[in-house]
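Notes to accompany the following structure.
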Amino acid sequence: MRELIDKLYSEHSLSREEYLRLITRADAQLSEYLFEKAREVRKAVYGNDVYIRGLIEFTNYCKNDCLYCGIRRSNKNAERYRLTKDDILLCCKEGYELGFRTFVLQGGEDPYFTDERMTDIISAVKTRYPDCALTLSIGEKSHESYQAFFDAGADRYLLRHETADPQHYKKLHPAGLSWQNRINCLYDLKAIGYQVGCGFMVGSPYQTAENLADELIFLKKLSPHMVGIGPFIAHHDTPFSNEKSGTMEMTLFMLGLIRLTLPEVLLPSTTALGTIHPLGREKGIMAGANVVMPNLSPVSVRKKYLLYDNKICTGDESAQCRECMQNRMRSIGYNVVTGRGDHPGAGV
Ligand code: 5AD
Ligand code: FES
């Protein structure tokens with residue numbers, strides 16, 4: 001199996017069958033070998049720097065009903081909230097003072113935030129913080145809307161595709177949502193000029209090893225600037241409440257494979273990874289990730305943005321998370337840096 005990792009290390013791609021062989025034979029020893037190679041690659045591109053993004057969860061209203069997600073429309077127990085433009089600017093101010101130079105505005109697909117309201121917020125953030133990158137993560141929109149956000153100053157867009165398999169997609173989403181539309185969105189975003197992030201959950205219900213191999217083929221083809229992955233974790237008020245969570249081991253293995261497949265990719269060690277294991281985020285970095293996304297949302301709303309059970313950091317102030325992250329990264333020999341942290345090929 002090591003030959004396959006060596007091959008991936010030097011060629012940055014494998015066939016579906018080769019990826020599949022690695023995924024099905026992943027064990028502790030092979031993982032350690034993979035992570036060593038992944039760290040080597042990430043070190044050559046990014047040194048020991050870890051980029052931070054300030055995540056602002058500005059609305060948990062959502063018109064969609066994804067079966068895995070705690071803020072799905074049908075969850076009547078979710079206590080809904082929206083931040084105002086002033087709330088958002090206050091989060092940015094606090095974040096800026098803490099050294100954040102990327103803000104991620106994430107929310108459910110909330111019709112209240114029309115293009116007009118969004119562009120107003122985007123230009124306000126960019127006018128006040130021209131040296132910061134602004135990332136949006138607000139779901140599927142028309143080409144026209146994406147263009148309007150981009151023209152207003154948004155730099156990056158995160159839209160996890162959730163699975164590269166249209167059949168699997170149908171098992172995770174209600175009828176009205178289409179895999180093809182989601183993929184079209186990613187290509188639209190790229191064409192407009194965004195730095196684009198896609199991603200998927202590891203261990204989501206019905207996911208097979210073949211699916212995971214297909215994820216890597218898909219990533220190679222799309223060649224996004226960022227890839228967000230984390231374990232699936234059940235939420236008690238969803239149809240998947242009794243489903244098994246994804247494992248930390250497989251999530252880490254996928255991080256390593258992604259690093260070798262896309263050497264320059266921006267790869268977060270996610271909150272979900274930190275939720276299934278107390279040292280999950282540190283291990284993610286050690287497996288090849290190079291980004292962390294501490295929460296900048298006001299503490300008053302954090303518990304309400306519950307996509308899955310037991311989410312960490314919901315009681316902590318932004319400054320605490322910032323400090324905590326710095327310490328965690330330092331403890332494994334990495335430095336959190338202040339800076340936009342663009343993709344090397346982004347042309348900015
Ligand atoms: N477990 C893990 N990740 C989840 N997400 C949504 N629900 C869950 C869950 N139950 C992820 C999705 C989404 C991102 C914002 O959070 O991949 O795109
Ligand atoms: Fe939030 Fe550690 S990162 S408390």
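Counting starts at 1 for both ligands and their atoms, following the listed order.
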Closest protein heavy atom (residue, atom, distance) for atom 8 (C) of ligand 1: M201 SD, 3.8 Å
Assign the ring pair F149 / Y146 to parallel, tilted or perpendicular, where the plane angle (0 to 90°) is split at 30° and 60°. perpendicular
Do me a favour and list the nearest non-hydrogen protein atom to atom 9 (C) of ligand 1 with residue, atom name and distance? I233 O, 3.4 Å
Could you tell me the residue and atom name of the protein heavy atom closest to atom 15 (C) of ligand 1, and the distance to it rounded to 0.1 Å? L307 CD1, 3.8 Å
What residue and atom, counting heavy atoms only, is the protein's closest point to atom 7 (N) of ligand 1, and at what distance? Y68 CD1, 3.3 Å
Side-chain donor-acceptor pair present, Y305, Q106, cut-off under 3.5 Å: yes
Between Y68 and F232, is the ring centroid distance below 6.0 Å? no
In this structure, atom 11 (C) of ligand 1 is nearest to the protein heavy atom R160 NH1, 3.6 Å
What's the separation between atom CZ in F35 and atom CG in L260, rounded to the nearest 0.5 Å? 10.5 Å
Please work out whether any backbone atom (N, CA, C, O) or any side-chain heavy atom from C-beta onward of H235 is under 4.0 Å from ligand 1, and answer side chain, backbone, both or neither. neither
Does any N or O of ligand 1 fall below 3.5 Å from an N or O anywhere on Y308, backbone included? no
Per-atom contacts of ligand 1 with E162, taking only distances under 4.0 Å to non-hydrogen atoms: 12 (C), 13 (C), 17 (O), 18 (O)
Just checking, any donor-acceptor pair under 3.5 angstrom between side chains of E215 and H161? yes
P231, portion touching ligand 1 at heavy-atom distance under 4.0 Å: backbone
Cation-pi geometry met for R2 and Y33 (6.0 Å, 45°): yes
Please test F113 against F58 for ring pair (Phe, Tyr, Trp, His ring centres under 6.0 Å), starting from the C-alpha separation and ending with a verdict. CA-CA 10 Å; F113 287 99; F58 71 100; 4.8 Å; yes
State the atoms of ligand 1, each with its element, that fall below the 4.0 Å cut-off from a heavy-atom position in F232. 1 (N), 2 (C), 10 (N)
